[in-house]
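Below is one structure, written out as C-alpha cells; the observations come after it.
Reminder, nothing fancy here: chain letters follow the sequence lines and each chain counts from 1.
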Amino acid sequence: MNLDELNERQKEAVLLTKGPLLILAGAGSGKTRVLTTKIAYLIIEKGISPSSILAITFTNKASKEMKERVNLLIGEKTKDIQISTFHSFGYKIVRENYHLLGLEKNFSILDENDSISLIRKVLKKNNLDPKHYNPKGIKQQISGAKNELLNPLAYSRYAKSYWEKEVLKIYKDYQQKLQANNAVDFDDLLMLPVKLFKENPQILDKYQEHYKYILIDEYQDTNEAQYVLTKKISFKYQNICVVGDGDQSIYGWRGANYKNILNFEKDYPKAKVILLEKNYRSTKNILKAANNVIKNNKLRKEKTLITDNEAGSKIKHYLALDEKDETLYVAEVIKRLLETGISLDEIAVLYRTNAQSQVFESSFTVFNIPYKIVGALSFYKRKEIKDLVAYLKLIYNEKDNVNLLRCINTPRRGIGEKTIEDLINKAEKENVSVFEAIDYGKPLEFKKMINQLKEISKTYSLTELVEEVLKKSGLEFNLKNEGTLEANNRLENLYEFKSVTLEFEKREEEISLESFLKEVSLISNSEELKEEDDKVSLMTVHAAKGLEFEVIFIVGLEEGIMPHYSAEEIGELEEERRLFYVAVTRAKKHLYLVSASQRMRFGEIWNNNISPFIKEIGEDYIEGEEGDVFYQEVDYQVGDLIFHEKFGQGIIKEINNDLLTILFSYPYQMKQFMKKHKSIKKIN
DNA sequence: AAGGAAGACTTTTTT
DNA sequence: AGTCTTCCTT
C-alpha cells in the first residue's frame with residue numbers, strides 16, 4: 001500500500017496496528033484519512049479479516065462518510081466491516097441477545113419524544129403535576145443516570161437530594177413501563193450491552209473474539225456507558241485505536257467526559273500516543289485565530305496547530321442591526337463570493353441554535369440562494385410522519401403502547417379519552433398490553449385493522465405496506481379531504497415517505513420491517529439531502545463537526561447566543577468556547593463572523609453584547625466591516641433617486657428605519673434594501 | 001367526542 | 001413568534 005501521501009506522524013499512526021493507540025488529532029489534521037487508511041492497511045497489508053474490525057463513530061453522517069472513504073480504498077470488502085455509530089452497534093448487540101435482556105425479539109426503540117410522553121404517563125398515573133415535575137427535565141435526569149450506567153438500584157444509592165429521590169421513583173416506574181411495552185430508549189442501547197457483558201462473561205468473550213480490532217472516532221465525546229462498552233470489548237486483545245481532540249469536546253451536556261481521553265494512558269499503560277498538530281485545512285490567519293481563542297481555556301492540554309498554508313485574508317466581522325440584517329449581510333456576501341468563482345456547496349452558515357435557521361430560510365428564499373438545512377427539525381419528526389411510523393411500529397410490536405396510543409385515534413375515529421383510559425386500566429388489571437385488552441366497539445375495529453395490516457406486512461413489500469397503512473388508517477383520506485395548503489403539504493410528506501422505503505428496499509440486502517424501523521429510529525436527521533447538491537449548507541455548530549468548507553459564516557455571535565446564556569459555570573463556558581473553536585476551524589479560506597446588536601427571542605426584543613470570543617481572536621487576524629461598503633451611511637429621503645447595479649434606476653417610496661422600499665422600472669418593480677447595502681447608490 | 005380558544009412554553013446542542 | 005397543551009363549549 002502506498003502511504004506516501006501521509007506525513008511521518010500519520011504514517012506512524014497507520015503502521016501501529018497492535019496494542020492500544022491514542023491519536024490526539026487537532027482540527028484539520030487528517031484524522032479521517034488516518035483512520036480510513038489504517039482500516040485499509042489492516043486488511044490489505046496485515047491480512048486481517050474485515051469482519052473482525054469494529055469502527056465506531058458518533059453520528060450517522062460520520063459513519064456514512066467513513067464507509068464511503070474506506071470503500072474507495074478497498075472496495076466491496078467494506079461491507080463486512082462493522083462501521084457504525086455507538087447506538088447502532090449497541091442495537092445490534094441488544095438484538096442479538098434480546099432474550100437475555102428481558103426483551104422479546106420485536107422490541108421497539110422509543111425516541112426522545114416517545115420517552116418523554118411515557119414519562120408524562122408515569123407522572124399522570126402517580127398523580128404528579130407535570131408543571132412541577134417537568135417531563136423533559138426528568139427525562140434528562142434519567143438519561144444522565146443511564147449514561148453513567150446507573151440503573152434504578154444504583155441510582156437509589158446515588159440519589160441524595162429531594163429532587164433526585166423524586167426522580168428515582170419516576171425512573172423505576174419508567175423502566176417498568178418500558179419493559180411492559182417491550183421497548184428500549186436510546187440510552188438503553190448503550191447501557192443494556194454493558195449489563196449483558198457484566199452478567200454474561202462468556203458472551204463478552206464471544207464479542208471480544210469477534211472484534212479484535214477496534215477503532216473509535218471522536219473519543220473525547222464518549223460518555224461513561226460508551227467508554228465502558230468499548231473498554232470491555234477491547235480488553236482481551238487490546239487492539240484499540242482511539243482518535244480525539246479534547247479541544248473539540250462539545251457534548252459534555254449529554255454526559256460526554258473528555259477525561260476519558262486523558263485517562264486513556266492510565267487505562268492502557270502500554271498505550272502509544274501520537275500527536276497530529278499539522279493542519280491541512282485552514283489558512284494561517286484562521287488557524288492563528290483559532291489557537292488564540294482556545295488557549296483561553298484553562299482545563300486543557302497544551303497544543304498548537306501549525307500549517308504550511310498561505311496566510312489568507314483576514315477574518316471579517318460584521319455587526320448587524322438585527323437578525324434580519326444579519327441574513328441580508330450573509331446573503332450579500334454570498335452573492336459577491338459566487339462572482340469570484342466559489343460555488344454554493346463550498347459555503348456554510350453555522351449557528352448555535354436550530355431556531356436561528358428560520359430567518360435565513362426566508363431571506364435566502366427571497367434572495368434566490370439555494371440552501372439546505374443539515375440535521376435540524378427532521379423529516380422524521382414531523383407529525384404526519386411520526387403518525388405513520390407509529391402505525392408501523394405498532395404493527396411490528398403490538399405491545400408498544402406508546403405508539404398505540406399515538407395512532408389509536410389518529411385520524412379521529414371516535415375513540416375518546418374516556419375509552420382510552422378504561423382500556424389502559426383494563427390492560428393494567430389483566431396484566432396485558434393495551435392492544436390485547438381491546439375487545440369491543442370502535443377500538444375493536446381498530447384492532448382488526450391493525451391485525452389485517454400485520455398479515456399484509458408478512459407478504460407485502462415495505463412500500464406496499466406503507467400504502468396499505470395510508471389507505472386503511474384513513475390518514476390519506478382525511479388529509480385529502482381537508483384540502484388546505486397545510487394538509488396538502490403533509491400529504492406530500494407522507495408520499496415522500498414512500499420514496500424513503502423504496503430507496504431503503506433498493507439499498508439494503510436485508511429488507512424487513514425490523515431493519516427498516518431500526519434505521520428510522522436511529523437516523524433522526526434527514527441527513528441525505530443528496531450531498532452533491534449545489535447549495536449553501538445551514539446547520540448548527542454541533543452538526544458541523546467533522547466537516548469543512550471554503551467559506552464559513554458564524555452567525556449570532558452574541559453574549560447569550562454564543563456563549564449560550566445557559567452556560568454559567570466555567571466548565572460550561574469553556575465548552576462554549578470549544579464550540580466556537582470547532583466552528584472557526586471548519587473554515588478553509590474565508591471566515592465571516594456576524595453579530596446582531598438586536599434580536600427577537602421568544603417574541604421579545606433582546607439587546608445583546610458582541611460575543612467575548614471575538615475579542616480573543618486578536619486584532620492581527622480580524623477586521624471589522626466598518627471600513628467596508630457596508631458602512632456607507634447616506635441620508636436618504638422618500639423620493640430620492642437610486643441606482644442599483646442590477647436593477648438600474650429606482651425611486652425611494654418608503655423608509656422604515658434602515659430599510660428602503662424602492663420602486664424600480666419594469667420588470668423589477670418594488671424591492672427592499674438595507675440603507676447601507678453596497679449594491680445601491682444615491683444619485684445626486 | 002370534537003373543535004376551538006386561551007394559555008403555556010419554547011430555543012442549546014444529538015443518538 | 002410560533003407551536004404545542006389544556007380547558008371549555010357544543
Whole Å only: how far is the [atom1] atom of [X] from the [atom2] atom of [N]?
X: A:K518; N: B:dT15; atom1: NZ; atom2: C1'; value: 12 Å
X: A:F602; N: B:dC9; atom1: CZ; atom2: C1'; value: 9 Å
X: A:W606; N: B:dT11; atom1: CH2; atom2: C1'; value: 11 Å
X: A:Q226; N: B:dT14; atom1: CD; atom2: P; value: 15 Å
X: A:R120; N: B:dC9; atom1: CZ; atom2: P; value: 11 Å
X: A:L190; N: B:dT15; atom1: CG; atom2: P; value: 13 Å
X: A:I561; N: B:dT10; atom1: CD1; atom2: C1'; value: 13 Å
X: A:K61; N: B:dT13; atom1: NZ; atom2: C1'; value: 13 Å

Just call it for [X]: base, sugar-phosphate, or nothing, with non-hydrogen atoms closer than 4.0 Å on any strand.
X: A:Y565; answer: sugar-phosphate
X: A:T353; answer: sugar-phosphate
X: A:K136; answer: sugar-phosphate

Self-check item: C1' atoms of B:dT11 and C:dT6, separation to the nearest Å
Solution: 22 Å
Is the phosphate of [N], meaning OP1 or OP2, less than 4.0 Å from a side-chain N or O of [X]?
X: A:T540; N: B:dT14; value: yes
X: A:N354; N: B:dT13; value: yes
X: A:H87; N: B:dT15; value: no

Quiz item: For the side chain of A:F186, counting heavy atoms from C-beta on, which of B:dT11, B:dT12, B:dT15 is nearest?
Solution: B:dT15
Quiz item: Among B:dT11, B:dT12, C:dA1, which nucleotide sits nearest the side chain of A:E576?
Solution: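 The nucleotide sitting nearest to the side chain is B:dT12.
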Quiz item: For A:D247, does its backbone N or O pair with a side-chain atom of A:N297 as donor and acceptor, under 3.5 Å?
Solution: no
Quiz item: Distance under 6.0 Å and angle within 45° of the ring axis: does A:R599 meet both against A:W606?
Solution: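 Pair A:R599/A:W606 does not count as cation-pi.
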Quiz item: Under the 6.0 Å and 45° cation-pi test, does A:R507 pair with A:F504?
Solution: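 A:R507 over A:F504 ring: no.
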Quiz item: When every nucleotide of nucleotides 1-8 of chain B is labelled 5' to 3' by its protein contacts under 4.0 Å (heavy atoms), B for base, S for sugar-phosphate only, - for none, what sequence of letters results?
Solution: SSS-----
Is any side-chain heavy atom of [X] closer than 4.5 Å to a side-chain heavy atom of [Y]?
X: A:K92; Y: A:Q82; value: yes
X: A:L178; Y: A:L118; value: yes
X: A:Y251; Y: A:Q220; value: no

Self-check item: Under 5.5 Å and under 30°: A:Y251 stacked on B:dT14
Solution: no
Quiz prompt | Residues in salt bridge (Lys or Arg N to Asp or Glu O under 4.0 Å) contact with A:K393, at least two apart in sequence or another chain | solution = A:D114
Practice problem: Please determine which of A:N401, A:I438, A:V434, A:N403 meets the side chain to side chain contact (heavy atoms under 4.5 Å, CB included) test together with A:I408. | Solution: A:I438
Exercise. Examine the base of B:dT13 for any acceptor or donor lying under 3.5 Å from a partner atom in the side chain of A:W253, and report the outcome as yes or no.
Key: yes
Quiz item: Taking for each residue the nucleotide of DNA chain B with the nearest heavy atom, is it A:N134 or A:I250 whose nucleotide lies nearer the 5' end?
Solution: A:N134
Quiz item: Does anything in residues 107-114 of chain A reach DNA chain C, meaning a heavy atom under 4.0 Å, and if so which residues?
Solution: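 By residue number: none to list.
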Exercise. Decide if the gap between the ring center of A:F86 and the ring center of A:F58 is smaller than 6.0 angstrom.
Key: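 Yes: the rings meet the under 6.0 Å criterion.
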Quiz item: Do you know which of A:K31, A:K61, A:R69 makes salt bridge (Lys or Arg N to Asp or Glu O under 4.0 Å) with A:D217?
Solution: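 Considering A:K31, A:K61, A:R69, a salt bridge (Lys or Arg N to Asp or Glu O under 4.0 Å) with A:D217 is found only for A:K31.
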